[in-house]
Amino acid sequence: MTSQVRGAQLARLLGQWHALPGRRRSPDYAALAAAVRGLLADGRLPLGVRLPAERELAEALRISRTTVTAAYGQLRETGHLASRRGAGSWTRLPGTHRVASTGLWTPLDDRDMIDLGVAALAAPPQLVPAARAATEDLPRYLGGAGYHPTGIIELREAVARSYTARGLPTSAEQIMVTNGTQHALDLVLRLALAPGGNVLVESPTYPNALAALSARRARIATHGLAADGAGWDADLLLGTIRQTRPKLAYLIPEFQNPTGHLMPTALRERLVAAAHAAGTDLVVDESFVDLPLEDTEPPPPVAAFDRHSRVISIGGMSKPYWGGLRIGWVRAAAPQVQRLAAARVGVDMASPVLDQLVAVHLLAEAPAIVAARRAQLAGQRDALLAALAERLPDWRVTPPRGGVTLWAELDGPISSALARAAEEVGVRLAPGPRFGLDGTLERFLRLPFTLPAADLVEAVGRLAAVRYDLDRAGRPRWREPSVIA
Ligand SMILES: Cc1ncc(COP(=O)(O)O)c(C=O)c1O
């Protein structure tokens, strides 16, 4: 069933569409069409929804119907709108553009675009040799059916060893291989959360985790992270867990996405104790644990404080290695792993053997690959910070000590408007509201430093230019007072 957006709703989403940069260079209909494209681009307006009839939108925006007709016409031409006589017009994206349910762009589209919407690195040079070596290993598995719901033993052992090396003794039975961390989260939610269950998440948090929770119809409460300083407010976080007793809390303690915060050891310990007392399961997303960018010793894993199988850790290859591998994992108690594997059989049966073998080869070279990644990321982070300090000095940024993103506090509630304007100059952004639940976080912007330094510097230059335009477009103009007689 196609859902419909009413005129007043779309008008609210469009906000200050007429004040976008370029407004004075382009006619109203083009500015309106650009604003709708911007909403589609940042996921505020979903795909496949029916737009209001032209007359209804014209009334809601207090503009002429001809302007809306022309804007819809342009959106049809650019492939952002499909129409059928009598059935109305609904949103879509041009052939090469695809978005996931949360509006994440896939990298298929516009190659000239500097994509700061995705926080992931290109593959390391070791990937092709690892893939070749994996094909050499494959014959060892070809005699069997190839279904390994918990993963191939070599990979489970390699992952278990990496936990043990971090001070958390782990056996292969405690590991289940998944198709990425996102898949791990989805499976864990299927097992640990009844539809409509209460969940606590950080705000801001990883948008696709929110999507997975919404798919479970979870009732989501948030713990607000400070943009600067320690991030988590220990008393508030533990107090919320004690009072609201959520069924589950989803947290990213290592170089949190998007803020980059690292949870201190003492809070980890108290968190596990509070969760146990409240009957809350902790799902700990360790996607960025391998990527500290300073020489600080990372705190022990949250699960190291767990005596009651309250903590389920999830992680994967995407951030230190490559997202295209689609390999992740769950670390939990062995019986939980068995239950997850049973649940998985009704979903996707098992992960591809060949890809798991590639992961085994990459993990065998972990120290060299990860060291190079960290050096690369530290350099790119510093280039981004320097460019921001020079070109956008009013933005406040706490340099992250790890991970791949920084969370900039902007000089106004302009994140979505900036993302729309940036799209026009070839920079794709994930604006702040994407990382929260309720359309707030407009004063924030996540900036990943996963692209080469030159691209980051170029992107900041373009952002600085459109930031300036936003101001000029929005500057109030004095009018003659009208006479009321
Ligand atoms: C916190 C967090 N969890 C999960 C994922 C998804 O990872 P994967 O590609 O392993 O599914 C990401 C990717 O950005 C992430 O940042």
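Quick caveat: nothing in here was measured; it's all calculated off a predicted structure. When a ligand or atom number is given, it counts from 1 through the structure's own listing order.
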Quiz item: Which residue owns the protein heavy atom closest to atom 6 (C) of ligand 1, what's the atom, and how far is it?
Solution: Tyr206 OH, 3.4 Å
Practice problem: From atom 13 (C) of ligand 1, work out which of Glu254, Arg326, Lys319 has a heavy atom at the shortest distance. | Solution: Lys319
Self-check item: Tyr163 and Glu286 side chains, donor-acceptor separation under 3.5 Å
Solution: yes
Self-check item: Heavy-atom neighbours of Arg217 CZ exceed 12 at 6.0 Å
Solution: no
Practice problem: Find all atoms of ligand 1 within a distance of less than 4.0 Å from any non-hydrogen atom belonging to Asn257, and give their numbers and elements. | Solution: 15 (C), 16 (O)
Practice problem: Show which atoms of ligand 1 fall inside a sub-4.0 Å distance from at least one heavy-atom site of Gly180. | Solution: 10 (O), 11 (O)
Self-check item: Side-chain H-bond candidate by donor/acceptor type, Trp232 with Glu202, under 3.5 Å
Solution: yes
Quiz prompt | Atoms of ligand 1, numbered as shown, that sit under 4.0 Å from any heavy atom of Ile252 | solution = 1 (C)
Quiz prompt | Subset of ligand 1 atoms that lie under 4.0 Å from at least one heavy atom of Phe288 | solution = 1 (C), 16 (O)
Practice problem: Provide, to 0.1 Å, the distance between atom 9 (O) of ligand 1 and the closest protein heavy atom, together with that atom's residue and name. | Solution: Ser318 OG, 2.6 Å
Exercise. For ligand 1, find out whether one of its N or O atoms is nearer than 3.5 Å to an N or O atom of Gln182.
Key: yes
Practice problem: Over 60° means perpendicular and under 30° means parallel, so classify the ring planes of His276 and His308, tilted if in between. | Solution: parallel
Quiz item: Are any of the heavy atoms in Ser287 under 4.0 Å away from ligand 1?
Solution: yes
Quiz item: When you measure from atom 3 (N) of ligand 1 to every protein heavy atom, which one gives the shortest distance, and what is it?
Solution: Asp285 OD2, 2.6 Å
Self-check item: Arg331-Thr170 side chain donor-acceptor pair, cut-off 3.5 Å
Solution: yes
Quiz item: For atom CZ of Arg401, is the number of surrounding heavy atoms from other residues, nucleotides or ligands below 6.0 Å larger than 12?
Solution: no
Practice problem: Assess whether side-chain hydrogen bond (donor to acceptor under 3.5 Å, both in side chains) is satisfied between His361 and Asp137, documenting all intermediate values. | Solution: CA-CA 10 Å; His361 282 279; Asp137 288 344; 2.6 Å; yes
